[in-house]
Amino acid sequence: MTTPELDVVVYGATGFAGTLTAEYLQDTYGGDVRWAVAGRSEEKLKTLVHELAERRPEAPKVEYIVANSTDRASLDALVARTKVVCTTVGPYAKYGTELVAAAAASGTHYCDLTGEPQFIRRMVDAHHAEAQKSGARIVHCAGFDSIPSDLGTHVVQTAAIEADGEPCDEVEYVLLGAKGGFSGGTLASLINVVAEAKDPAVRRVLVDPYGLCEGSGPDTREQMGVRYSHAAKAWTGPFLMAGINERVVRRSNELLAHRYGADFRYGESMRTGSGVLGWTGAVAMAGGMIAMAPALFIGPVRRLVNRFLTQPGDGPSRDDIENGFFKARVFGKRNGTVVYSATVLGSQDPGYGATACMLAETALGLAAGEGLGEPGVTTPAAALGMGLVERLNAHRVTFTLDTALPG
Ligand SMILES: NC(=O)c1ccc[n+]([C@@H]2O[C@H](COP(=O)([O-])OP(=O)(O)OC[C@H]3O[C@@H](n4cnc5c(N)ncnc54)[C@H](OP(=O)(O)O)[C@@H]3O)[C@@H](O)[C@H]2O)c1
């Protein structure tokens, strides 16, 4: 086999998250990496390439590749030219299947920003064995869902194993705060998950805490109500991304030969504060989630949301992205007592500025052959582990093992 001429191709680069990812690569690495942008519209790609050149005139001109997700031959030609394809073409369940098929068949590494459990399940079933044979590492969820959760857990468990020779039996992830928005593409993906949930096979994946694993374990469904977290010393409500993040962390544990333990338990929530105000906030949050999910199941409501909220291609303003942040704490416990914890901090909007960095660094780690992860349909922690933590620590997302535990 000949070595591909490119390290990374950003596919969907003319969309909202894709443009941010391309800008991150240009600003951070410029000509140090052999990379290209790709998409379905040649006209939009030409404009993007021009804008990228203006950001960094001294860097070599970024090449573009035209490929449509409905044209398998164009995707085969794309993956043949690169070590890694990183894609922001979503909703992935609608537009992503053929690219995973092309990458798995050719042995090209792949990463994406999907948060759609039913899509990942289909890719595991259809392409895990093939990717194991071809050598492709197919890494889903390389953005705000689910890197902070997946790598935060990995950091805590690695510290526990190195210090004590055994992992924590439970990890609790609490989002302490975040400031950010939604893009049209993210809303379209969320709405598409709900639309597909009419299919009983999809519903089974969405309600099974181990829906992305082959085996099972002790965890039940994600938190839907109000709960006091003794570790965070605060009231918590449900966290919208828990549905995907928790399943990804459990898949990591399975792919890592149960490094976190066969009976490992994992859960996520969002901090609302202490006292009566914190409790009231948690009740409001839980009420909102309980009302939102069934409402989106009603076709006309879904169509209204689709019509009046942000459209594909749109998203938060540049100022809002730059002023965004997130902070989470990951508590590792033994018999209910916190023994290790880590803090995850992200600068910029979690789903966009921070996500662009997470996706691009995942792609670069795969291109550099980092991590000991086996090929197959895998996760950020299983594929790249502490190597990706080190990469991100040098940029917009940091993972720090806490020296002080909650007393
Ligand atoms: N995990 C996370 O934290 C996270 C964060 C942000 C986004 N996301 C996910 O990332 C995805 C993209 O979000 P976004 O806001 O960037 O969406 P977007 O702005 O709508 O971008 C979608 C991209 O897909 C391209 N596309 C659509 N149909 C195509 C086709 N048939 N062939 C080739 N390209 C096609 C679009 O091309 P054109 O430019 O030509 O229209 C566009 O570039 C969504 O699924 C979203 O949920 C996840």
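Quick note: numbers below take in every heavy atom, side chains included, and nothing from hydrogens, waters or symmetry partners. Counting starts at 1 for both ligands and their atoms, in listed order.
- Checked by atom type and distance alone, the side chain of Asn245 never pairs as donor or acceptor with a backbone atom of Ser149 at under 3.5 Å.
- The parts of Asp145 lying near ligand 1 are both backbone and side chain, judged by heavy-atom distances below 4.0 Å.
- Proximity to Ala17 (heavy-atom distance under 4.0 Å) selects the following atoms of ligand 1: 14 (P), 16 (O).
- The shortest contact between atom 21 (O) of ligand 1 and any protein heavy atom is with Gly15 CA, 3.5 Å.
- At a 3.5 angstrom cut-off on N or O pairs, Lys44 counts as close to ligand 1.
- Below 4.0 Å from some heavy atom of Ser69 lie the following atoms of ligand 1, by number and element: 30 (C), 31 (N), 32 (N), 33 (C).
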Pair Glu51-Lys46, salt bridge (charged side-chain N to carboxylate O under 4.0 Å, His left out): steps then yes or no: CA-CA 9 Å; Glu51 286 164 2; Lys46 279 183 177 165; over 6 Å; no

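- For ligand 1, the atoms lying closer than 4.0 Å to a non-hydrogen atom of Thr186 are 6 (C), 7 (C), 8 (N), 46 (C), 47 (O).
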For Arg318 and Glu322, what are the C-alpha separation, side-chain angles and deciding distance, and is it a salt bridge (charged side-chain N to carboxylate O under 4.0 Å, His left out)? CA-CA 6 Å; Arg318 290 298 166 126; Glu322 277 170 25; over 6 Å; no

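- Residue Tyr95 has no nitrogen or oxygen atom sitting less than 3.5 Å from a nitrogen or oxygen atom of ligand 1, judged on distance alone.
- Shown in contact with Gly12 at under 4.0 Å from a heavy atom are these atoms of ligand 1, numbered in order with element: 43 (O).
- Contact analysis puts Gly313 in contact with ligand 1, with a non-hydrogen atom separation below 4.0 angstrom.
- Remark: ligand 1 atoms within the under-4.0 Å shell around heavy atoms of Gly351 are 5 (C), 6 (C).
- For atom 23 (C) of ligand 1, the nearest non-hydrogen atom from the set Thr88, Leu190, Leu113 comes from Thr88.
- Take Phe399 and apply the ring pair (Phe, Tyr, Trp, His ring centres under 6.0 Å) test, not counting sequence neighbours, and it matches no residue.
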Candidate pair Glu130 and His127, rule side chain to side chain donor-acceptor pair (under 3.5 Å), full reasoning: CA-CA 5 Å; Glu130 188 185 19; His127 301 297; 3.1 Å; yes

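- Using bins of under 30°, 30° to 60° and over 60° for the plane-to-plane angle, the ring pair Phe16/Tyr352 lands in the perpendicular bin.
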Between Ser106 and Asp76, does the side-chain contact (heavy atoms from CB on, under 4.5 Å) criterion hold? Intermediate values first, please. CA-CA 8 Å; Ser106 69; Asp76 285 334; over 6 Å; no

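- When hydrogens are left out, the protein atom nearest atom 33 (C) of ligand 1 is Tyr11 OH, 3.1 Å; that is the closest non-hydrogen contact.
- At under 3.5 Å, not a single nitrogen or oxygen of Thr114, backbone or side chain, sits near a nitrogen or oxygen of ligand 1.
- Those atoms of ligand 1 that come under 4.0 Å of a heavy atom in Asn68, given as number and element, are 30 (C), 31 (N), 32 (N).
- For Ser189, every heavy-atom contact with ligand 1 shorter than 4.0 Å involves the side chain, none the backbone.
- Counting only heavy atoms of the protein, atom 19 (O) of ligand 1 lies nearest to Phe16 N, 2.8 Å.
- Tyr260 meets the ring pair (Phe, Tyr, Trp, His ring centres under 6.0 Å) test with Phe264; sequence neighbours excluded.
- Other residues, nucleotides and ligands place no more than 12 heavy atoms under 6.0 Å from the CD atom of Glu43.
- Listed by number with element, the atoms of ligand 1 under 4.0 angstrom from any heavy atom of Thr14 are 37 (O), 38 (P), 39 (O), 40 (O), 43 (O).
- For the pair Thr378/Ile138, no side-chain contact is recorded, criterion being any heavy-atom separation below 4.5 Å from C-beta on.
- Looking at atom 35 (C) of ligand 1, its nearest protein heavy atom turns out to be Val89 CG1, 3.5 Å.
- Relative ring orientation between Tyr29 and His395 is described as tilted, the plane-to-plane angle lying within the 30° to 60° band.
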Could you walk me through whether Arg329 and Asp402 pass salt bridge (charged side-chain N to carboxylate O under 4.0 Å, His left out), step by step? CA-CA 9 Å; Arg329 210 155 168 206; Asp402 299 323; 2.9 Å; yes

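- Within 6.0 Å of NE2 in His258 there are more than 12 heavy atoms belonging to other residues, nucleotides or ligands.
- Taking CD from Glu172 and NZ from Lys333, the interatomic distance works out to 4.0 Å, rounded to the nearest 0.5 Å.
- When only non-hydrogen protein atoms are considered, atom 28 (N) of ligand 1 lies nearest to Arg40 NH1, 3.3 Å.
- For ligand 1, the atoms lying closer than 4.0 Å to a non-hydrogen atom of Thr355 are 3 (O), 5 (C).
- For atom 13 (O) of ligand 1, the nearest non-hydrogen atom of the protein is Gly185 CA, 3.8 Å.
- At under 3.5 Å, a nitrogen or oxygen of Phe144, whether backbone or side chain, sits near a nitrogen or oxygen of ligand 1.
- In this structure, atom 15 (O) of ligand 1 lies nearest to the protein heavy atom Ser183 OG, 2.5 Å.
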